[in-house]
Amino acid sequence: QVRLVESGGALVQPGGSLRLSCEASVSGRTLDEYVIGWFRQAPGKEREAVSCISERGHRTYYRDSVKGRFTISRDNTKNTIYLQIDSLKPEDTAVYYCAADPPGITSVQTMCRPSLFYYWGQGTQVTVSS
């Protein structure tokens with residue numbers, strides 16, 4: 001069982017930065033047994049993968065539109081996963097969710113799809129506007 005709580009969303013101007021946090025409460029296992037993903041959903045659009053990170057943080061995946069601007073990281077000792085977002089653009093506006101699932105036999109990139117994650121947080125709103 002995994003409970004996830006996101007925080008850090010805000011209204012920011014284009015070009016600004018944010019750091020999103022996802023605090024996990026895990027029972028029965030430890031956080032380093034889960035792949036974690038950050039996903040986002042804009043109004044009227046489907047939920048999409050932003051970035052995923054392997055159980056111990058050695059492997060990451062980013063969607064093309066965020067490469068070089070977003071950085072995913074995790075601190076399993078603090079049960080927290082982070083998403084550093086720099087050079088924000090209006091098209092980054094969305095509700096950002098973190099999600100967790102045990103690793104499969106596939107790569108982090110292949111696994112980084114909303115349908116493949118079971119545990120979800122409630123989301124945090126990021127709005128980029130001048």
Side-chain angles (χ1 to χ4, degrees):
Q1 188 78 14
V2 182
R3 181 172 178 264
L4 303 167
V5 179
E6 302 93 335
S7 62
L11 169 63
V12 295
Q13 293 186 344
S17 296
L18 280 176
R19 188 174 82 158
L20 306 183
S21 298
C22 174
E23 186 171 347
S25 298
V26 184
S27 60
R29 290 189 177 191
T30 56
L31 188 63
D32 63 2
E33 297 181 71
Y34 292 89
V35 174
I36 303 294
W38 281 98
F39 301 85
R40 66 187 181 187
Q41 188 165 19
K45 294 187 177 181
E46 293 187 354
R47 191 169 298 187
E48 63 183 19
V50 174
S51 180
C52 289
I53 188 166
S54 61
E55 308 92 281
R56 291 172 179 80
H58 299 309
R59 291 161 290 155
T60 58
Y61 161 79
Y62 298 92
R63 68 181 301 108
D64 287 345
S65 61
V66 308
K67 286 180 180 177
R69 301 189 297 120
F70 289 24
T71 305
I72 191 171
S73 62
R74 65 192 294 165
D75 185 341
N76 289 335
T77 65
K78 296 182 179 179
N79 276 4
T80 305
I81 307 91
Y82 305 97
L83 186 68
Q84 177 68 37
I85 308 175
D86 298 318
S87 302
L88 276 158
K89 303 176 180 180
E91 53 263 42
D92 295 320
T93 295
V95 178
Y96 283 70
Y97 300 89
C98 65
D101 208 78
I105 60 174
T106 187
S107 67
V108 170
Q109 176 177 347
T110 302
M111 185 176 172
C112 204
R113 304 173 185 178
S115 61
L116 298 182
F117 282 76
Y118 184 78
Y119 298 102
W120 290 84
Q122 84 291 345
T124 186
Q125 176 71 47
V126 172
T127 302
V128 185
S129 175
S130 55

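Basis for what follows: all heavy atoms, side chains included, without hydrogens, waters or symmetry-related copies. The residues of the chain are indexed from 1 along the displayed sequence.
- Between Ser17 and Gln84 the shortest side-chain heavy-atom distance falls below 4.5 Å.
- Going from atom CG of Asp86 over to atom OG1 of Thr71 covers 6.5 Å, rounded to the nearest 0.5 Å.
- With rounding to the nearest 0.5 angstrom, the OG atom of Ser54 is 13.0 Å from the CD atom of Gln109.
- Both Trp38 and Val126 belong to a common hydrophobic cluster when Ile, Leu, Val, Met, Phe, Trp and Tyr are linked at side-chain heavy-atom distances under 4.5 angstrom.
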Start with the C-alpha gap between Ser25 and Asn79, add the side-chain angles, then the distance that decides, and say whether side chain to side chain contact (heavy atoms under 4.5 Å, CB included) holds.
CA-CA 7 Å; Ser25 298; Asn79 276 4; over 6 Å; no
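- In this structure, Ile85 CD1 and Arg19 CZ are separated by 11.5 Å, a value rounded to the nearest 0.5 Å.
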Starting from the C-alpha separation in whole Å, work towards a yes-or-no answer on side chain to side chain contact (heavy atoms under 4.5 Å, CB included) for Gln13 and Leu88.
CA-CA 8 Å; Gln13 293 186 344; Leu88 276 158; over 6 Å; no
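- Nearest approach of Ala94 to Arg40, heavy atoms of both residues: CB-CB, 3.8 Å.
- The side-chain contact (heavy atoms from CB on, under 4.5 Å) test with Leu20 singles out one residue from Val50, Ile81, Thr124, and that residue is Thr124.
- Using modelled atom types, one side-chain atom of Arg74 and one backbone atom of Glu55 make a donor-acceptor pair closer than 3.5 Å.
- If you take OG1 on Thr60 and NZ on Lys67, they are separated by 9.5 Å, rounding to the nearest 0.5 Å.
- When all heavy atoms are compared, the tightest approach of Ser130 to Pro14 is N-CD, 3.7 Å.
- The closest donor-acceptor contact from the side chain of Thr80 to the backbone of Glu23 lies at 3.5 Å or more, if one exists at all.
- A donor-acceptor pair under 3.5 Å links the side-chain atoms of Glu6 to the main chain of Cys98, judged by distance alone.
- In Glu91, the CD atom is crowded: over 12 heavy atoms of neighbouring residues, nucleotides or ligands sit closer than 6.0 Å.
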Trace of the side chain to side chain contact (heavy atoms under 4.5 Å, CB included) decision for Ser51 with Phe70:
CA-CA 8 Å; Ser51 180; Phe70 289 24; 5.7 Å; no
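- Linking ILVMFWY side-chain heavy atoms closer than 4.5 Å, directly or via other members, places Leu83 and Leu31 in a single hydrophobic cluster.
- By the 30° and 60° cut-offs, the orientation of the rings of Phe39 relative to Phe117 is perpendicular.
- Taking CD1 from Ile53 and CD1 from Ile72, the interatomic distance works out to 5.0 Å, rounded to the nearest 0.5 Å.
- Under the 4.5 Å side-chain criterion, counting only non-hydrogen atoms from C-beta, Thr93 is in contact with Val128.
- Using a 4.5 Å cut-off between side-chain heavy atoms of Ile, Leu, Val, Met, Phe, Trp and Tyr, with links allowed through other members, Tyr34 and Leu4 fall into the same hydrophobic cluster.
- No donor-acceptor distance shorter than 3.5 angstrom exists from the side chain of Tyr118 to the backbone of Pro102, with no hydrogens or angles considered.
- Of all heavy-atom pairs spanning Arg56 and Asn76, the tightest one is CA-ND2, 4.1 Å.
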Could you walk me through whether Glu33 and Val26 pass side chain to side chain contact (heavy atoms under 4.5 Å, CB included), step by step?
CA-CA 10 Å; Glu33 297 181 71; Val26 184; over 6 Å; no
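- Residues passing the side chain to side chain contact (heavy atoms under 4.5 Å, CB included) test with Arg69, sequence neighbours excluded: Val66, Ser87, Lys89, Asp92.
- The two residues Pro114 and Trp120 come nearest to each other via the heavy atoms O-CZ2, 3.4 Å.
- A side-chain donor-acceptor contact under 3.5 Å links Arg63 and Ser65.
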